[in-house]
Engineer: 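I have a structure I would like to understand better, so I am pasting it below and will then ask my questions one at a time.
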Amino acid sequence: MATDHALAHPPGAVPQKKPISQGVLAMLLFIGSEAMLFASFFTAYFMVRYNVAENHWPPLNQNGEPFELPKVGTGVSTAFLVFSSFTVWWAEHRLKHNDRKGLERGLLVTILLGITFLVAQINEYAHLGFTPADKAFGSTFYTLTGFHGLHVLVGLILLTICYVRVKRARDFTPTFSTPLVMASIYWHFVDVVWVALYILVYLV
Amino acid sequence: MTTHQPTHAHPGHAHHGAAKSTWDYWKRAIVWTVGGVAAGFAIVFLARWIFDFENLWVPQVYWSVCASLAGLGFIIGIGCFDWWWAYMRGKQVDLEDHSMHGAQKWSDYFRPNTDHKVIGIQYLVTTFFFFVVAGILAELVRLELAVPGATIADGETYNGFFSAHATIMIFAFVIPVFGGISNYVLPIMLGAKDMAFPRLNALSFWLLVPAGVMLVLAPFVGSFSSGWTAYAPLSVQGTTGSTLFEVAVQFAGASSIATALNFLVTIMTMRAPGMTVWRMPMLAWAQGVTSGLVVFGTPFIAGSQFMTWFDRVMGTNFFNVGGGGDVLMYQHVFWFYSHPAVYIMMIPGFGIISEVVAAFSRKPLFGYRAMAFSTVAIALLGFGVWAHHMFVSGMPAWLRFPMMFMTVVIAVPTGVKVFSWLGTMWGGRLHLKTPMLWAMGFVFTFLIGGLSGVFLGVLPAVIHLTDTYYVVAHIHYVFFGGSVFTVFAGVYYWFPKITGRMYNERLGQIHFWLTFVGFNATFFPMHWLGAVGMPRRVADYDERFASLNLFISLATSGMVIGSLIFFYNMIHSWAKGPQAPWNPWRARSLEWLVSSPPSLFNFDAVPQVVGGPYQYGIPGARHAVVFAGEELGGGELVEHERRTILVIANESVSSAALLEHIRERANGHWRFTMLVPVEDGNVRAAERRLQQALSVLAAEGVDANGSVVSGDPLSAVRAAVADDEPTEVMLVTEPLGQSRWLNQDMVDRVRKATNLPVNHVVISAAEAGRPAVSKAVNTVAVIANDGLSGDGVINAVQGHADGGPVAAVILCPLSLDGPGWTDDAETVRDAAAGRARDAIARLQQAGIPARGEVIDGDPAEAARIARDSYRATTILVASVAGRGDADVVETVTQAAAPVPVEHVFVETAPPAL
Ligand code: HEM
Ligand SMILES: [Cu+2]
């Protein structure tokens, strides 16, 4: 096959250096793209906040009171999500030591933490007392957090696929684990976006 | 030559053994699409019911969800996720699964396929379909604008026309068509066997299908008025048409992002050994940079469309000032993608033009590195000029100057490119083949478009010109005269590689000139209209613009007719065109060093890149070494780049004697450049003979190309030697005494002029007339008697010859009543033979090999002979107009079956005997 010939190249052939795995490269680029999607919504958020509301933020709702966001409760779920970044890192680390049980446990804990975050988010929506149609404040808030929630869901699906592959197909070895690496990078990204979002939307 | 067959054995991999038929995929796709619509309804209904909304029926919510799920259902049903689905469930799957790879029959093009070459063709055909749809819409726009007042459409319908025209052209044609071209050629150019992610590649294509269909449906379901820019608040007020547009843009965007990721990873990781970034063909640079723009820009249009969509269906307040929203924000977000998007639509074209211009100027690309850097610079600067579309929108005034400044700065790298193409052409030996005509036409029109852009970029002018027809002129000079011209250049350039057949050069040139003239006549006057104040996007206009508008509407017919010719040429040549050699343009990049079309995995072995791709005319320079497959060299690496023999011949170029000689010489190692110098003779005839010769050689697997040149052999040789670096010259003449070239002592003079060994081949006039027998040459039998005398028969045969190489057989049936040996009969027979001889001579003069005989028997007998002895593929029955020969045609048709029979009426009366 093709690669056999590569070995038999005439003298002077440039040897191919071992490149970064294609999957990981694609995932990094894709994350760049995803970051831009969030950037577009953040653009909307900042324009509404600084141009239109002229930093009277949060604005007043229908009843003439300022919108309120649950800083503390969400802070706790933020901690969950941040912690899950470490658990997925730990899972990968266990694989390096060929500890498959550890890998399984690490993935499972990460997935459970992610689910906890999502449930908390839905619970928050149910108790906020305003809807996406309540002023541009509600629109930007729900769009940003909603899109983030969708990304958490996608990340969970990726991690679950990895978990299934580990359990059922006995996939991944210390030397080859590209799909797992892709899923975990994505998960870190989802985390980072949330931290930025929490700071920019909830705190400041 | 081992072409067309898979050249690898992949033990353990199933090879295109897709057990399902194409129809099975489509059945499932239909079920899933309909299921998607049903699920959409159910989900929205249940959600609104459970959560107790006051209003259960809000149509746009239903349409949004239904359209999204229908599109998703379609791509799942058609089978894009089959492999992943198995993977997700933890099945043991083959990471290198080739079961969906390659097309063996035409129906394989209609199912998900992982072969980048198949996907390239799928993209090209689909996007050209959308080009036709959008073109028809453009004609409707021009019809409405032909005269003042409402004619065929009211304002609302007219808005639908131009909105759909622009959106389909941009999102379903120009952006993805480059994906098609690059999908086909880029992996081969890089020396890779496929794209990095073949399954993702298939998904990208199939995402485009629902997007295109929704865009086409949008104007029919109403209220799609806000143009391709879909500005809020108009788009927020729209209804179903706008909803479909917004959903379609998400699908198209996902498709472009997926392809772009694929291109980027392919370019970064799959280049052949030795291909440093500075040895990449310009198209690879262009496509890489474009992909970067897509990956980082497209999310912004996705964001903008999500927001308008939410505003409309969920009542959010992004653009509703009353709700604290910011209506101008739409334009910022939209243009932050869409200005880079104009480069997404242009930069791949820049790459194509660089390939074409270098190959047809036979000179290295002027300023390769400047070209590469300017591409990157345009892309980076492109993110900093978005608000030049918003000068009069009421945006903060301080933004104006920086945007104007950056816009003018962007013209600099653009200028670098134009000068680089001109520099490449300067002093080159231009070969004005169709792709080159498009490239030169492009440089001309794009220059105008770039200049009008600068006017639009500077404040004093743009405040007057914005929202007028001047902008329409600008965008068409850059989109049509820019992007679409490059698409045509690329399609003609790679047509032989993609289809394995040659297009018809003459029709290609007619297509170019009709389009070029029609294009300028249509769009140039728009500059004027805009400058004197005709607004864009309005169905009616002031009386004083009437005459120019009528002129413009009429002038579009040039492009319409040109396009019809283009499609005829493409379809006909694909089906019946002469076989193409591996490298008809003698270009250097890797795709030309493999067969046409390339084998299943492109290369028999990984090629080795040793130099730049554009080293034309530099002695000894080469781009790459390609190795032969195991079955050719038994594992030994055989250099595949063969040396060239220059063949100079005249009338004898298509003779059996010469072609046989060349075939023997070729021996798998040599390639041939055939030159037919025409000093004062019939150029068309020489072209036909050359085409005949090239087709026969291609069918035999000999790599040959050539051209008809005017002038004497000597000057032709001089030019060709510099072009092709031949190692030997083969001069073909008639025997001493009959040959004019020999009288001029040509052998010696050629030897002196070239310093190359000259192989002198002598072919007598009699031998020169003996045509080569080959499956590449169709035999047209002419059954005629009196009908031979006019021009009718000759013209009919020439018509066939224009479609592909033919040899003619003239059969003159004579069924004499009574004994055949009387003096009378002799005279009649002589006269008939004379007519046949005359027709044969005239056909040969026209460059068509011909022979013939007088047959004792009726036309039916002649038809049988034509079919059985001459293996004719077509039979022409000629009769003199006015004589009732219907029954003759009837009997001939029956006798000749299954060979098709055509009837030719000849106008001229036969000369009196
Ligand atoms: C030197 C290069 C260019 C400059 C300086 C330039 C400048 C401009 C400016 C200032 C406008 C805004 C006009 C207005 O609406 O008032 C404009 C519009 C436009 N340009 Fe260019 N342009 C350049 C090249 C291109 C290229 C290469 C393309 C696409 C292939 C392109 C596509 C467009 C389109 C589609 C519009 C109209 C958008 C709309 O309102 O629908 N331009 N250009
Ligand atoms: Cu622009």
Side-chain angles (χ1 to χ4, degrees), chain A residues 1-6 8-10 12-16 19-23 25-27 29-30 32-44 46-48 51-53 59 131-140 142-143 147 157 160-161 163-171 179, chain B residues 8-10 87-93 193 196-197 200 257 260-262 264-265 268-270 273-274 276 294-304 306-307 310-311 314-318 320-321 323-326 328-329 332-333 336-337 601 603-606 608-610 625 627 635 637:
Chain A
M1 233 188 81
T3 36
D4 305 338
H5 286 287
H9 272 149
V14 185
Q16 249 180 323
I20 165 177
S21 114
Q22 293 180 326
L25 185 59
M27 183 49 97
L29 290 165
F30 180 62
S33 194
E34 293 273 57
M36 291 304 277
L37 181 65
F38 281 101
S40 76
F41 294 128
F42 273 115
T43 308
F46 284 119
M47 289 193 116
V48 167
N51 275 355
V52 181
T131 70
D134 281 330
K135 298 274 176 172
F137 180 87
S139 312
T140 50
Y142 274 100
T143 307
F147 264 90
I157 292 173
T160 311
I161 293 173
Y163 184 72
V164 173
R165 296 299 302 173
V166 173
K167 287 289 269 191
R168 286 234 201 140
R170 303 207 53 73
D171 261 9
Chain B
H8 303 260
H10 280 269
Y87 182 84
M88 284 178 209
R89 283 178 303 156
K91 287 262 159 68
Q92 285 302 342
V93 286
K193 60 179 180 168
F197 307 107
L200 183 68
I257 293 179
L261 293 172
N262 220 336
L264 277 173
V265 176
M268 287 186 199
T269 65
M270 294 186 58
T276 61
V294 170
V295 167
F296 294 104
T298 310
F300 263 69
I301 194 177
S304 70
F306 276 127
M307 289 189 276
F310 294 162
D311 263 16
M314 305 201 319
T316 56
N317 289 306
F318 284 106
N320 177 8
V321 180
D326 181 357
L328 209 57
M329 185 256 293
H332 284 294
V333 176
F336 191 76
Y337 160 76
F601 289 97
F603 297 95
D604 298 325
V606 179
Q608 173 73 39
V609 176
V610 295
V625 186
F627 304 101
L637 301 177

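To find a chain, count down the sequence lines: A is the first, B the second, and so on, and within it residues start at 1.
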Engineer: Might you point out which heavy atoms bring Ala26(A) and Leu261(B) nearest each other, and give the distance in Å?
Structural biologist: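 Heavy atoms of Ala26(A) and Leu261(B) come nearest at O-CD2, 3.9 Å.
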Engineer: Between Pro59(A), Ala133(A), Ser139(A), which has the largest tally of heavy atom pairs under 4.5 Å with chain B?
Structural biologist: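 So the answer, after comparing Pro59(A), Ala133(A), Ser139(A), is Ser139(A).
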Engineer: Sort out for me which of Phe197(B), Tyr337(B), Tyr87(B) touches chain A most, counting heavy-atom pairs under 4.5 Å.
Structural biologist: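 Of the candidates given, the most pairs with chain A belong to Tyr87(B).
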Engineer: Under a 4.5 Å heavy-atom cut-off, does chain B meet the side chain of Ala35(A), its backbone, both or neither?
Structural biologist: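 Neither part.
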Engineer: Minimum heavy-atom separation for Gly324(B) and Ala136(A), please, with both atom names.
Structural biologist: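 Nearest pair, atom of Gly324(B) first, then Ala136(A): O-CB, 3.2 Å.
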Engineer: Side chain from CB out, backbone as N, CA, C, O: work out which of these in Phe310(B) comes under 4.5 Å of a heavy atom of chain A, or both, or neither.
Structural biologist: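 The side chain, not the backbone.
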Engineer: Please identify, among Val52(A), Val48(A), Asn51(A), Val166(A), the residue contributing the most non-hydrogen atom pairs under 4.5 Å to chain B.
Structural biologist: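 Highest number of heavy-atom pairs under 4.5 Å: Val52(A).
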Engineer: Between Phe41(A) and chain B, with a heavy-atom cut-off of 4.5 Å, which part of the residue counts as in contact: side chain, backbone, both or neither?
Structural biologist: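 When you check distances to chain B, only side chain atoms of Phe41(A) fall under 4.5 Å.
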Engineer: Does some side-chain heavy atom of Phe137(A) sit less than 4.5 Å from a side-chain heavy atom of Asn317(B)?
Structural biologist: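 When only atoms from C-beta onward are counted, Phe137(A) and Asn317(B) do not touch, as no gap falls below 4.5 Å.
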Engineer: Considering only heavy atoms from C-beta outward, does the side chain of Pro299(B) approach that of Ser40(A) to under 4.5 Å?
Structural biologist: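 SC-SC contact between Pro299(B) and Ser40(A) ruled out.
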Engineer: Quick one: what part of Phe38(A) sits under 4.5 Å from any heavy atom of chain B, side chain, backbone, both or neither?
Structural biologist: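 For Phe38(A), there is no contact with chain B at all, as no heavy atom is under 4.5 Å.
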Engineer: Relative to chain B, which segment of Pro132(A) carries a heavy atom at a distance below 4.5 Å: side chain, backbone, both, or neither?
Structural biologist: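 Looking at Pro132(A), backbone and side chain both touch chain B.
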Engineer: Would you say the side chain of Phe336(B) lies within less than 4.5 Å of the side chain of Met36(A), judging by non-hydrogen atoms?
Structural biologist: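 Answer yes - side chains close enough.
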Engineer: Any non-hydrogen side-chain atom of Met268(B) less than 4.5 Å from a side-chain atom of Leu25(A)?
Structural biologist: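 Yes - at least one pair of side-chain heavy atoms lies under 4.5 Å apart.
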Engineer: Rounded to the nearest 0.5 Å, what separation is found between the CG atom of Leu37(A) and the CD1 atom of Ile257(B)?
Structural biologist: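 Here the interatomic distance stands at 8.0 Å.
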Engineer: Kindly indicate whether the side chain of Val93(B), heavy atoms from C-beta on, has any atom under 4.5 Å from the side chain of Arg165(A).
Structural biologist: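 The answer is yes, as the side chains (C-beta and beyond) meet within the 4.5 Å cut-off.
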Engineer: Using modelled atom types and a 3.5 Å cut-off, is there a donor and acceptor pairing between side-chain atoms of Arg168(A) and backbone atoms of Lys91(B)?
Structural biologist: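 No: the side chain of Arg168(A) does not pair with the backbone of Lys91(B).
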Engineer: Taking side chain as everything from C-beta outward and backbone as N, CA, C, O, which of these in Val333(B) sits under 4.5 Å from a heavy atom of chain A? Side chain, backbone, both or neither.
Structural biologist: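 Contact with chain A: side chain only.
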Engineer: Given a strict heavy-atom distance threshold of 4.5 Å, which part of Thr143(A) is in contact with chain B: side chain, backbone, both, or neither?
Structural biologist: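 Answer is side chain: those atoms of Thr143(A) sit under 4.5 Å from chain B.
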Engineer: Provide the closest heavy-atom pair for Met88(B) versus Ile161(A) in the form atom of the first, atom of the second, distance.
Structural biologist: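 Taking Met88(B) first and Ile161(A) second, the nearest heavy atoms are CG-CD1, 3.5 Å.
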Engineer: Heavy-atom distances under 4.5 Å only: say whether Asp134(A) touches chain B with side chain, backbone, both or neither.
Structural biologist: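 Contact with chain B is through the backbone of Asp134(A) alone.
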Engineer: Go through it in stages, so that I can follow the logic: the residues are Thr43(A) and Phe300(B), the test is side-chain contact (heavy atoms from CB on, under 4.5 Å), and I'd like the CA-CA distance, side-chain angles, deciding distance and then a yes or no.
Structural biologist: CA-CA 10 Å; Thr43(A) 308; Phe300(B) 263 69; 3.9 Å; yes
Engineer: Mind checking whether Gln22(A) and Met270(B) have side chains closer than 4.5 Å, heavy atoms only?
Structural biologist: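 They are in contact (side-chain heavy atoms under 4.5 Å apart), so the answer is yes.
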